[in-house]
Q: 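Would you mind keeping the following structure in view while I ask a few things?
Side chains included, hydrogens not; waters and symmetry mates left out as well; all remaining heavy atoms used. One-based numbering, in listed order, for ligands and for the atoms of each.
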Amino acid sequence: MNTLIQQLCWEEKDGNSLYIKREDLLPFSMGGNKVRIAEALFQDMQEKDCDSMIIYGSVHSNLCRVLSAMCYHRSMECTMICSHEEGENSEETNNEKLIQWTGTPIVHCTKNEIAQTVDSVMEQIRKRGKRPYYIYGSRLGTGNEGTLAGAYADAYKEITAFERQAGWEFDYVFCPSGTGATQAGLICGHLLAGDHKKVMGVMISSRETERAYRVIADSVRAYFEKQQQPLSENFAQEICLLDQYRQEGYGKYDKRITDCLKEVYLKNGIPMDPVYTAKAFWGMKEYIREKKIENSRILFLHTGGTPLFYDFMAEQKEQEGTEKA
Ligand SMILES: *Cc1c(COP(=O)(O)O)cnc(C)c1O
């Protein structure tokens, strides 16, 4: 699963060269980082000899889209636990529709009922003589961090292989950071390679910054334990999270981000979405400017979310419709 790394057209007078790794082109269910993460989960599930997958997320979730599609594709039983927040945006999204297509049964709950819902779903599956696999591990959603980080610890090797061929190294790798699984994986890859790149996560949600650092540190530790690799004591110094570009939080964005999205599309023909990739890309550009980073080689990890690009298009069309009326 080697994805393209290409140079971006983006003129600035800072002497930087900007590259993008096209995880959005991974060849399943419209791609994205969740394809690699789903593959890693399936492999772990197989190792644990389970035969019924329990997925968790919101109805808009890219991970649930990919996992529900992969379960269907592989004839694996799948149940989705879906939590809701008060005042949540109720517009139907493309991901929601695609999850519905698979016919995956959905168990709804509120944010503070997740653990008990996991318990009851697990019990019902066991009663039918099946062996359930909950993607996040325990009822409290912990214990599987090493598996989730593993996806991008492996993908990191594609970046170092590209560098070997090019004969130079990137100075920075930027990625959007949500749960932190992707960034944690990249940091594992970086630590194992012992190279000089800085892995920078651009936060896209309002998760407390300290908690985000802690989750990534735990994930790195879990991965190294799982691999039985020694981990240096001060590894946490390698975690860099930017929390100043998330605007009002998850799913919130203004014109600066949508202008950036359009510019990337117009100059490179690459779709991004305002929730994850365009927000993080915009944050990266701001950071480069603010910190006066110059003459560096910079890689942006395009983590996918293509269905959200079309959600954004639909929203634009709707707005134009209202303006005309
Ligand atoms: C899930 C997701 C992310 C965030 O990845 P994490 O591993 O949760 O930090 C970024 N971009 C897209 C498109 C995603 O679906």
Side-chain angles (χ1 to χ4, degrees), residues 3 20-26 28-41 55-69 93-96 98-99 135-136 141 144-156 173-189 199-207 209 211-220 222-223 239-243 245-246 249-251 253 257 261 264 270-284 300-312:
T3 58
I20 189 163
K21 182 165 172 62
R22 301 290 306 277
E23 297 294 282
D24 59 316
L25 298 181
L26 282 165
F28 187 77
S29 181
M30 283 142 292
N33 60 343
K34 301 308 168 354
V35 177
R36 286 192 204 265
I37 290 174
E39 294 276 2
L41 287 169
I55 67 180
Y56 166 77
S58 85
V59 284
H60 313 306
S61 160
N62 286 314
L63 180 61
C64 290
R65 177 192 85 243
V66 173
L67 279 171
S68 62
T93 62
N94 286 309
N95 279 341
E96 187 169 1
L98 291 168
I99 295 166
I135 58 167
Y136 288 118
N144 214 12
E145 293 86 351
T147 302
L148 295 158
Y152 276 87
D154 286 343
Y156 194 86
V173 183
F174 285 82
C175 69
S177 200
T179 67
T182 304
Q183 189 185 354
L186 293 174
I187 291 169
C188 291
V199 178
M200 313 290 294
V202 186
M203 291 182 73
I204 50 88
S205 74
S206 48
R207 171 178 283 196
T209 308
R211 172 156 174 253
Y213 272 99
R214 207 164 52 234
V215 169
I216 292 178
D218 288 347
S219 301
V220 172
Y223 176 79
I239 307 172
C240 301
L241 272 167
L242 308 179
D243 63 6
Y245 308 110
R246 53 183 158 187
Y250 182 82
Y253 49 87
I257 290 173
L261 180 158
V264 172
I270 297 172
M272 286 190 174
D273 76 87
V275 180
Y276 297 100
T277 48
K279 184 184 263 187
F281 190 84
W282 168 77
M284 173 186 79
F300 181 79
L301 191 80
H302 190 318
T303 45
T306 303
L308 279 66
F309 171 82
Y310 291 101
D311 288 337
F312 173 66

Q: Could you check whether any side-chain N or O of Tyr223 sits under 3.5 Å from a backbone N or O of Gly185, counting only pairs where one atom can act as donor and the other as acceptor?
A: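 Not at all, since once roles are kept as given, no pair shorter than 3.5 Å links the two residues.
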Q: Around atom 7 (O) of ligand 1, find the nearest protein heavy atom and jot down its residue, atom name and distance.
A: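 Here the closest protein heavy atom is Thr182 OG1, 2.7 Å.
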Q: Do the side chains of Phe300 and Met272 get nearer than 4.5 Å, heavy atoms only?
A: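 Sidechains of Phe300 and Met272: in contact.
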Q: Can you confirm whether Tyr152 sits close enough to Arg36 that some side-chain heavy atom of one is under 4.5 Å from a side-chain heavy atom of the other?
A: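 Result yes, sub-4.5 Å side-chain heavy-atom pair found.
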Q: Check whether any N or O atom of Asn33, backbone or side chain, sits under 3.5 Å from an N or O atom of ligand 1, and answer yes or no.
A: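 Between Asn33 and ligand 1, an N or O pair is found under 3.5 Å apart.
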Q: Could you tell me whether a side-chain N or O of Arg207 sits under 3.5 Å from a main-chain N or O of Thr179, the two making a donor and an acceptor?
A: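 Here the side-chain-to-backbone pair exists.
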Q: Which ligand 1 atoms are under 4.0 Å away from a heavy-atom of Gly304?
A: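 Once the distances to Gly304 are compared, the set is 13 (C).
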Q: Can you report which non-hydrogen protein atom sits closest to atom 9 (O) of ligand 1, along with the distance?
A: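 Result for atom 9 (O) of ligand 1: Gly178 N, 2.7 Å.
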Q: Would you say Ser177 has any N or O atom under 3.5 Å from an N or O of ligand 1, going by distance alone?
A: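 No.
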Q: Do any N/O atoms on Pro176 end up under 3.5 angstrom from N/O atoms on ligand 1?
A: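 No, there is no polar N/O contact under 3.5 Å.
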Q: Which protein non-hydrogen atom lies closest to atom 8 (O) of ligand 1, naming both residue and atom, and how far is it?
A: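 Result: Thr179 OG1, 2.6 Å.
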Q: List every atom of ligand 1 that sits less than 4.0 Å from any heavy atom of Gly305, numbering the atoms from 1 in the order shown and giving each element.
A: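 Those of ligand 1 that fall under 4.0 Å from Gly305 are 13 (C).
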Q: Just to check, does Gly32 reach to within less than 4.0 Å of ligand 1 when the distance is taken from its heavy atoms?
A: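 No heavy atom of Gly32 comes that close to ligand 1.
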Q: Is it the case that the side chain of Gln183 and the backbone of Cys240 share a donor-acceptor pair, with hydrogens and angles ignored and the cut-off at 3.5 Å?
A: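 A pair under 3.5 Å: yes.
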Q: Does any N or O atom in Gln183 lie less than 3.5 angstrom from one in ligand 1, N or O only?
A: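 No; the residue has no nitrogen or oxygen that sits under 3.5 Å from a nitrogen or oxygen of the ligand.
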Q: For Tyr276, does the six-membered ring have the charged nitrogen or CZ of Lys34 within the cation-pi criterion, i.e. under 6.0 angstrom from the centroid and within 45° of the normal?
A: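 Positive - Lys34 is close enough to the ring of Tyr276 and near enough to its axis.
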Q: What is the nearest protein non-hydrogen atom to atom 11 (N) of ligand 1, stated with its residue, atom name and distance?
A: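 Closest protein heavy atom to atom 11 (N) of ligand 1: Thr303 OG1, 2.6 Å.
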Q: So, does Arg65 use its side chain to make a donor-acceptor pair with the main chain of Leu98 at under 3.5 Å?
A: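 Side chain of Arg65 to backbone of Leu98: no pair is present.
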Q: What are the atoms of ligand 1, with element, lying closer than 4.0 Å to any heavy atom of Asn62?
A: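 Answer, ordered by atom number: 13 (C), 14 (C), 15 (O).
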Q: Checking the side chain of Asp311 only, and the main-chain atoms of Asn94 only, is there a donor and an acceptor separated by less than 3.5 Å?
A: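 Checked: pair present.
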Q: Give the residue and atom name of whichever protein heavy atom lies nearest to atom 2 (C) of ligand 1, and the separation in Å to one decimal.
A: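 For atom 2 (C) of ligand 1, the nearest protein heavy atom comes out as Lys34 NZ, 2.4 Å.
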Q: Check each of Asn33, Thr3, Thr303 against Glu23 using the side-chain hydrogen bond (donor to acceptor under 3.5 Å, both in side chains) test, and report the only one that passes.
A: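 So the option named by the test is Thr3.
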